[in-house]
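Reviewing the structure listed below.
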Number of protein chains: 2
Amino acid sequence: MSERTEKRTSGRPHDPEAAGAVKAAAVQLVRERGYAKVSIAAIAAQAGVARQTVYNRWPSKADLMLEAVFEEAWTLTAEPKPEDGSGAAAQLEAFLVQVFAHLTRNMDPVRALIAAAQEDAAFGAVFRDKFVAPRERVVTALLERAQARGELGAERDAAMLSAFVHGAFWYRMLNGRRLDAALARAIVAEVFAAG
Amino acid sequence: MSERTEKRTSGRPHDPEAAGAVKAAAVQLVRERGYAKVSIAAIAAQAGVARQTVYNRWPSKADLMLEAVFEEAWTLTAEPKPEDGSGAAAQLEAFLVQVFAHLTRNMDPVRALIAAAQEDAAFGAVFRDKFVAPRERVVTALLERAQARGELGAERDAAMLSAFVHGAFWYRMLNGRRLDAALARAIVAEVFAAG
DNA sequence: TACATTATTGGACATGAGTCTAAAAATCAC
DNA sequence: GTGATTTTTAGACTCATGTCCAATAATGTA
């Protein structure tokens, strides 16, 4: 949206191309070799930049990868519109299918970032803020709309059900199972089983 | 159960105290400092053993910790008995309360091992075999008994619901939230909401 | 132009996981 | 006892993350 709002008093400015080059190198290398086999040194070399320059901008490999691989690509364009005519179950299934497709394409870095969030509390907070919470809110909001329209019992706990939904595919993914359309269907079926 | 069944032809035998000393040292140090701050070198030193001796028995720090922290302590004594007179909902809640208590006491190493399972496929397979699958089966079996007794709709997908249950607390745990009795109650309430 | 400020660079540094090797030690078979 | 076998030990080694530092480069201001 807005340009930098920080006051630049003086001093050498950031190399305007460095951040983009580093992110591009990170994306390319992670696709080629997988998260674990990409070192910061290799990314810096590929980007034509000193290793320290990477650390100037990102506190850790995980922070860099989160921004490089996800913030650009996975905008929440898949977010279901409240009034698109279809039922909540169909909306949820469509949303999950899109999420699964994206997760499947980026399975290796996603799993690595969830791992990093366990091992590094500072990154964990960033990860939840930028990645987990927004996606959880989409599903919670969808379920609350479903309750408002009577498609889901008003006595159900939408937040808990949202945790069921996310938990179900996290659990599957973190245990090395596939995320496919059949899983999306099964999740939706159980969430709405009670009507 | 049985003693070593391997044929010992000749050669120096394993130090009979080494494995126990290493596991004890691992448990003690992980409780004192947390998983991330315990090095294999420190464990070996504490156990009075060479570092290589640790690697002779366990392929990685994660494998050692899994065995040291969990295999002894967390036997499935909490497994609900099929015929204890109480309903399936109460059984599930009681089981979850026990599981949560144990996870809470070992939150740091559990999260670290789940992380390690993402980063190391070989350990991931071991972790699922020894840790994840047995606990998943307990809940699935409980839900299937509930269906057989008519306490849960026969059309429900017990395996999917079991993934909901485990996924819900994995998701909570991996996002740094507490696992408490209220969560156990909420999970059970939603699983059985449809009757 | 000179100065203060900040970024970049290249390298050293600390630490930890995991591998490898060579020598010493403990066992069995002969 | 001698030899084959296997474990233990100590230490070197590779590679990674992340920190630290000093020299240099690029900017705004006086």
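Atom set for the values below is all heavy atoms of this structure, side chains included, hydrogens, waters and symmetry mates excluded. In what follows, chains carry the letters A, B, and so on, assigned in the order in which the sequence lines appear, proteins first and then strands, with residues in each chain numbered from 1.
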Inset, instruction - Look at all strands and tell whether Val38(B) reaches a base, only sugar-phosphate, or nothing, counting heavy atoms closer than 4.0 Å. - result: sugar-phosphate
Inset, instruction - Report which part of the nucleic acid Asp15(B) touches: base, sugar-phosphate, or nothing (heavy-atom distance under 4.0 Å, all strands). - result: sugar-phosphate
Legend entry - Reading 5' to 3' through nucleotides 19-24 of chain C, protein heavy-atom contacts under 4.0 Å coded B for base, S for sugar-phosphate only, - for none: BB----
Spacing of [X] atom [atom1] relative to [N] atom [atom2], expressed in whole Å:
X         : N       : atom1 : atom2 : answer
Lys37(B)  : dA17(C) : NZ    : P     : 14 Å
Asp120(B) : dG16(C) : CG    : C1'   : 16 Å
Glu17(A)  : dA26(D) : CD    : P     : 14 Å
Arg57(A)  : dG18(D) : CZ    : C1'   : 18 Å
Trp58(A)  : dT8(C)  : CH2   : P     : 10 Å
Lys61(A)  : dT19(D) : NZ    : C1'   : 18 Å
Ile40(A)  : dC15(D) : CD1   : P     : 17 Å

Legend entry - Straight-line distance of Asp108(B) CG to Arg33(B) CZ, nearest 0.5 Å: 13.0 Å
Considering only [options], which nucleotide approaches the side chain of [X] most closely?
X        : options                  : result
Ser10(A) : dG18(D), dA4(C), dA17(C) : dA4(C)
Ala50(B) : dA7(C), dG18(D), dA10(D) : dA10(D)
Ser39(B) : dG16(C), dT9(C), dT8(D)  : dG16(C)

Legend entry - Asn106(B) and Arg31(B), any side-chain heavy atoms less than 4.5 Å apart: yes
Legend entry - Ala41(A) or Gly48(B), whichever maps to the more 5' nucleotide of DNA chain D: Gly48(B)
Legend entry - Pairing residues for Glu190(A) by the salt bridge (charged side-chain N to carboxylate O under 4.0 Å, His left out) criterion, not counting sequence neighbours: Arg156(B)
Legend entry - Pairs satisfying ring pair (Phe, Tyr, Trp, His ring centres under 6.0 Å), at least one member in residues 31-59 of chain A, at least two apart: none
Legend entry - Donor-acceptor side-chain pairing of Asn56(A) and Thr53(A) below 3.5 angstrom: no
Inset, instruction - Please state whether the rings of Trp170(A) and Phe127(A) are parallel, tilted or perpendicular, taking 30° and 60° as the class boundaries. - result: tilted
Inset, instruction - Take the angle between the ring planes of Phe164(A) and Phe164(B) and call it parallel below 30°, perpendicular above 60°, tilted in between. - result: tilted
